[in-house]
Amino acid sequence: MAAFIPFKLSLLLSLLSNIGFLPETSKNKVGIFPPPCNRIECPSFDIIQQGNGYEIRRYNSSVWISTPRIQDISLVGATRTGFLQLFDYIQGKNKYEKQIEMTAPVITEVLPGDGPFCESTFTVSFYVPKVNQANPPPAEGLLIERLKSTYVAIRQFGGFVTDYNIAEEAAALQASLEGTAWSDAIERSRKHYGVTIYSVAQSNSPFEFSGRVNEIWMMFDFEDEFLPV
Ligand SMILES: *[C@@H]1O[C@H](CO)[C@@H](O)[C@H](O)[C@H]1NC(C)=O
């Protein structure tokens, strides 16, 4: 019987790896369509590549609305502050007193602070619906920005976004990109724009407890002619 043990052990290990007992980074954390995008408008994108633990998307140029920079020690806190301003905006607190449909996701951009007790800087933004793209109502204190076409490396994770899990998820995304052409392009973009940035994209209402899909986004420039796929 002893001869069967290694076989059983290897079978056990392969079963464990299939049902997710191995570290998070070894799982493929992409490819889920965020359920809220079946109900409300989300910016459309082209999938350029799905790798092990990451997805590369390309978003075409579009108009987004965002808060000014928010200083906070907490991403969750900054997102709430920013979201309330954006919520007022879509409810009609804008120059044309126009109501605007909510879209998903809400993006919180992170510019990390210098030390453990330092405030970080955040901006919160969302995609302007197609019908309002040509003429989005201005509003005091909010910025309307036309983003140029951009590439984004994405990692998805479930559950609730907390101040404790985002840095881990961002590090896991970074690790899964290591050694790819994308990683070089992201590094180049960071050098060019002068900050280490990632964003957290949330699509669910805070009151939904299942089917939650959150994403870490790392945006970067990429010349189409160098596409590896
Ligand atoms: C983005 O723009 C390109 C070029 O105009 C087009 O072929 C593509 O379908 C667009 N993608 C999306 C998701 O709208």
Side-chain angles (χ1 to χ4, degrees), residues 28-67 82-83 86 89-90 98-110 123-138 142-158 161 169-170 173-174 176-177 180-190 192-193 197-205 208 211-229:
N28 198 357
K29 306 280 284 184
V30 289
I32 302 164
F33 186 73
C37 297
N38 292 314
R39 304 189 296 269
I40 58 177
E41 191 182 337
C42 296
S44 54
F45 54 84
D46 293 305
I47 295 178
I48 304 298
Q49 192 197 11
Q50 279 180 337
N52 186 16
Y54 66 86
E55 177 171 283
I56 306 296
R57 296 178 188 163
R58 187 179 50 214
Y59 284 87
N60 284 342
S61 171
S62 56
V63 175
W64 291 61
I65 182 143
S66 77
T67 66
F83 180 81
L86 296 172
Y89 174 82
I90 63 173
K98 196 178 172 76
Q99 295 212 355
I100 290 172
E101 291 294 327
M102 185 67 208
T103 65
V106 167
I107 306 268
T108 309
E109 187 180 2
V110 185
T123 63
V124 184
S125 55
F126 77 96
Y127 165 80
V128 171
K130 253 190 208 98
V131 292
N132 306 106
Q133 284 268 319
N135 191 18
L142 295 176
L143 309 162
I144 292 166
E145 296 176 289
R146 170 162 290 281
L147 298 189
K148 60 189 173 83
S149 156
T150 184
Y151 285 81
V152 191
I154 305 251
R155 175 186 172 85
Q156 296 182 319
F157 57 105
V161 168
E169 297 291 345
L173 174 57
Q174 182 80 27
S176 73
L177 290 163
T180 67
W182 310 117
S183 155
D184 295 340
I186 291 168
E187 220 35 63
R188 272 199 303 278
S189 290
R190 280 184 186 146
H192 184 245
Y193 296 109
I197 315 182
Y198 58 90
S199 300
V200 179
Q202 301 184 67
S203 295
N204 298 83
S205 129
E208 286 176 286
R212 301 186 62 83
V213 180
N214 315 299
E215 295 171 340
I216 301 286
W217 284 24
M218 292 179 184
M219 302 193 193
F220 61 99
D221 297 334
F222 200 82
E223 300 296 331
D224 285 1
E225 58 263 39
F226 296 132
L227 275 186
V229 284

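Ligands are counted one by one from 1 in listed order, and the atoms in each one are counted from 1 as well. Values reported hereafter were calculated over all heavy atoms of this structure, with side chains retained and with hydrogens, waters and symmetry mates removed.
Every residue was checked against the side-chain hydrogen bond (donor to acceptor under 3.5 Å, both in side chains) condition with Q202, not counting sequence neighbours, and none meets it. For E145, the side-chain hydrogen bond (donor to acceptor under 3.5 Å, both in side chains) partners are S66, not counting sequence neighbours. For Y89, the ring pair (Phe, Tyr, Trp, His ring centres under 6.0 Å) criterion is met by no residue, not counting sequence neighbours.
Inter-residue side-chain proximity for Y198 and R155 is flagged as unmet; no heavy-atom pair is nearer than 4.5 Å.
Proximity of a side-chain donor or acceptor of T103 to a complementary backbone N or O of P129 within less than 3.5 Å is not detected.
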Provide, line by line, the atom pairs where ligand 1 and the protein bring an N/O atom each to a distance under 3.5 Å; else say none.
unit_1	atom_1	unit_2	atom_2	d
ligand 1	2 (O)	N60	OD1	3.2
ligand 1	2 (O)	N60	ND2	2.4
ligand 1	11 (N)	D46	OD2	2.9
ligand 1	11 (N)	N60	ND2	2.9
ligand 1	14 (O)	N60	ND2	3.4

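The six-membered or imidazole ring of Y59 lies away from that of W64, with a centre-to-centre distance of 6.0 Å or more.
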